[in-house]
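Before any comments, here is the structure.
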Amino acid sequence: MSDDFDLSWGEEPDTTADTLTAVDTTRDGNRDKAKAVDLKAAVDKAVADAVEEVRPGLDKIPDPVEPAGEGALTPEEEERFRRCNEGVALHTVAWFMLGKSLDTIATGRLFRATPHKLDPGRCYASIEEWAEVERGISVSKCSQLRAAWDIGEILMARGFDANPGQVRELVPVKTAYSLSAAVAVYVLVAEAAGDDKITAARIRETVKLLPGDLTLDEDDDVDVLAKTIRARLLGELPKPAPRAIPPAVTRAVDRRSVDLANVLDRSRIPRSEVQLQLLEAFADEDDPTVFDAVLTRMKKQGKQK
């Protein structure tokens, strides 16, 4: 028989088995790839849905509509109320974020290389100028925001649901004493009235009750300060002995320190730094400006006695 024809099966059964195995493997691989694609699509959709859920936007707030009736809210109204409440809560966070952003820009003078919108030949000279021209934020509003954000940040970190109106009432305490003292007053009101009963009016009234001769240690923590203020308001602490520097003068110095910080575009100038500058200026024999001013004031006061 010719050697050109081999009629035996040879290894054909094995070859066929290998082919079927390869087909199964390819099919399984394609199925796994399809599952992976479907899983990725599902994950991407879940992420997109989550981002959309938390994304702030005016389109998330329901349009105003007339009430469905009197008394209890309908399920649709409950949902509308919930979404509107979220919008109001977002304003609180945004208010503090705006204040911190302005303070960060001011402290680092991050506006200094931005050309003035109305006078491109120069750059902005101050945070107030930048905020008013670029963002439509008035000088007074800019100062208000910068003065209050850190109080709000600490209160939120401590779990309080403080709003801008409440925090604004604490700024005078921060100016007169310290940031911790301002937070302590809020804590005191929360302990007395309950976290859910805090209002701007209650904080305002508490601030008005603070004695003019109240002294607080800037190094004390918030809880210690709250206890000190409470004890003083309840008459459980004796009045402090007269200080060399009257409280009214100290508060006036702190207010002027805020003005100085605004001029220098700094977030805060400690009272100790002002005192050091004054003492150094008074002792400066090459520049008798402060010495002469003190001399003039003392002569004037001497004549009045």
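The shown structure was predicted, so the numbers you read here are calculated from the model rather than taken from an experiment.
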ask   = Hey, quick one: are Leu209 and Val187 part of the same hydrophobic cluster, counting side-chain heavy atoms closer than 4.5 Å, chains of contacts allowed?
value = yes
task = Please indicate whether Lys227 has more than 12 foreign heavy atoms, meaning atoms of other residues, nucleotides or ligands, lying under 6.0 Å from its NZ.
result = no
remark   = Contacts satisfying ring pair (Phe, Tyr, Trp, His ring centres under 6.0 Å) that involve residues 189-211 (not counting sequence neighbours) are none
remark   = So the salt bridge (Lys or Arg N to Asp or Glu O under 4.0 Å) pairs with at least one residue in residues 95-114 (sequence neighbours excluded) are Lys100-Glu153, Asp103-Arg146, Arg109-Asp265
query = Taking C-beta and beyond as the side chain, do Leu90 and Glu86 meet within less than 4.5 Å on heavy atoms?
reply = no
task = Report yes or no: do Phe111 and Leu118 belong to one cluster of Ile/Leu/Val/Met/Phe/Trp/Tyr joined by side chain heavy-atom distances under 4.5 Å?
result = yes
inquiry  = For the CD1 atom of Ile151 and the CD atom of Glu169, what is their distance to the nearest 0.5 Å?
reply    = 10.5 Å
remark   = Taken in chain and number order and not counting sequence neighbours, the residues that satisfy ring pair (Phe, Tyr, Trp, His ring centres under 6.0 Å) with Phe291 are Phe282
ask   = Applying the 4.5 Å side-chain criterion to the ILVMFWY set and letting contacts propagate, would Trp149 and Val258 be lumped into a single cluster?
value = no
ask   = CD/Glu134 to NZ/Lys117 distance, rounded to the nearest 0.5 angstrom?
value = 4.5 Å
request  = Could you tell me whether the side chain of Arg232 reaches within less than 4.5 Å of the side chain of Leu214, counting heavy atoms only?
outcome  = yes
ask   = For the residue pair Ala281 and Val290, what are the closest heavy atoms and their distance?
value = CB-CG2, 3.4 Å
message = Before you tell me yes or no, could you show the steps for Asp150 and Lys174 under side chain to side chain contact (heavy atoms under 4.5 Å, CB included), namely the whole-Å CA-CA distance, both residues' side-chain angles and the distance that decides it to 0.1 Å?
response = CA-CA 10 Å; Asp150 49 357; Lys174 172 188 168 184; 3.0 Å; yes
query = Does the side chain of Leu233 reach to within under 4.5 Å of the side chain of Pro211, using non-hydrogen atoms?
reply = yes
inquiry  = Leu98: which residues meet the side chain to side chain contact (heavy atoms under 4.5 Å, CB included) condition with it, sequence neighbours left out?
reply    = Leu102, Ile137, Leu145
query = What distance do Glu79 atom CD and Cys84 atom SG have between them, rounded to the nearest 0.5 Å?
reply = 9.5 Å
request  = Output all residues satisfying side chain to side chain contact (heavy atoms under 4.5 Å, CB included) with Ala201, sequence neighbours left out; order by chain, then residue number.
outcome  = Thr199, Arg204
key: side chain to side chain contact (heavy atoms under 4.5 Å, CB included) between Leu170 and Leu155, worked out   = CA-CA 11 Å; Leu170 296 168; Leu155 289 174; 4.2 Å; yes
For a quick test of your reading: what N or O donor-acceptor pairs under 3.5 Å do the side chains of residues 66-74 make, sequence neighbours left out?
residue: Thr74; atom: OG1; partner: Glu76; partner atom: OE1; Å: 3.4
residue: Thr74; atom: OG1; partner: Glu77; partner atom: N; Å: 3.1

inquiry  = I'd like to check the ring pair (Phe, Tyr, Trp, His ring centres under 6.0 Å) partners of Phe160; sequence neighbours left out, ordered by chain and number.
reply    = Tyr186
task = Flag the pair Ser180 / Asp220 as yes when at least one side-chain heavy-atom distance between them is below 4.5 Å, and no otherwise.
result = no
request  = Quick one: pull up CZ in Arg230 and OG1 in Thr206 and give me the separation to the nearest 0.5 Å.
outcome  = 12.5 Å
ask   = Looking at Arg202 and Glu205, does any basic side-chain N land under 4.0 Å from a carboxylate oxygen?
value = no
inquiry  = Apply salt bridge (charged side-chain N to carboxylate O under 4.0 Å, His left out) to residues Glu273 and Arg266 and explain how you reach the verdict.
reply    = CA-CA 13 Å; Glu273 182 178 350; Arg266 290 175 54 181; 3.0 Å; yes
task = Taking all heavy atoms of His91 and all of Pro164, pick out the closest pair and write down the distance.
result = CE1-CG, 4.0 Å
ask   = Can you tell me how far the CG atom of Leu110 sits from the OG1 atom of Thr104, to the nearest 0.5 Å?
value = 7.5 Å
key: Taking every non-hydrogen atom, the tightest pair across Val173 and Leu210   = CG2-CD1, 4.1 Å
ask   = Under 6.0 Å from the CZ atom of Arg297, do we count more than 12 heavy atoms belonging to anything else shown?
value = no
key: Those residues that, when tested against Asp161, pass side chain to side chain contact (heavy atoms under 4.5 Å, CB included) (two or more places apart)   = none
Side chain proximity check, Val294 to Met298, heavy atoms < 4.5 angstrom = yes
ask   = Going by an N to O cut-off under 4.0 Å, is there a salt bridge joining Glu132 and Lys141?
value = no
Exceeds 12 heavy-atom contacts within 6.0 angstrom, atom CZ of Arg80 = yes
query = So do Phe96 and Val167 actually touch side chain to side chain, heavy atoms under 4.5 Å?
reply = yes
ask   = With Asp259, which residues qualify under salt bridge (Lys or Arg N to Asp or Glu O under 4.0 Å), at least two apart?
value = Arg256
ask   = Nearest 0.5 Å, what's the CG-CD1 distance between Asn85 and Ile61?
value = 10.0 Å
message = In the structure I gave you, are the side-chain heavy atoms of His116 and Glu129 within less than 4.5 Å of one another anywhere?
response = yes
key: Donor-acceptor pair, side chain of Thr296 and main chain of Asp292, under 3.5 angstrom   = yes
key: Sub-4.5 Å side-chain heavy-atom contact between Val222 and Arg158   = yes
task = With sequence neighbours left out, write down each residue that passes ring pair (Phe, Tyr, Trp, His ring centres under 6.0 Å) with Tyr177, or none if nothing qualifies.
result = none
ask   = Would Val253 and Leu276 show up in the same hydrophobic cluster when neighbours are defined by side-chain heavy atoms closer than 4.5 Å?
value = no
key: Residues that Ala147 engages under side chain to side chain contact (heavy atoms under 4.5 Å, CB included), provided they are two or more places apart   = Val171
key: Considering all heavy atoms, the nearest Ser143-Asn262 contact   = OG-ND2, 4.2 Å
inquiry  = Between Gln166 and Ile198 (side chain of the first, backbone of the second, donor and acceptor by atom type, cut-off under 3.5 Å), is there such a pair?
reply    = yes
query = Shared ILVMFWY cluster between Ile127 and Met97, side chains joined below 4.5 angstrom?
reply = yes
ask   = Where is the tightest heavy-atom contact between Pro120 and Pro115, given as atom of each residue plus distance?
value = O-CB, 4.1 Å
request  = Please name all residues satisfying salt bridge (Lys or Arg N to Asp or Glu O under 4.0 Å) with Lys197, sequence neighbours left out, ordered by chain then number.
outcome  = none
ask   = Looking at Leu225 and Ala184, what are the two nearest heavy atoms and their distance?
value = CB-CB, 3.7 Å
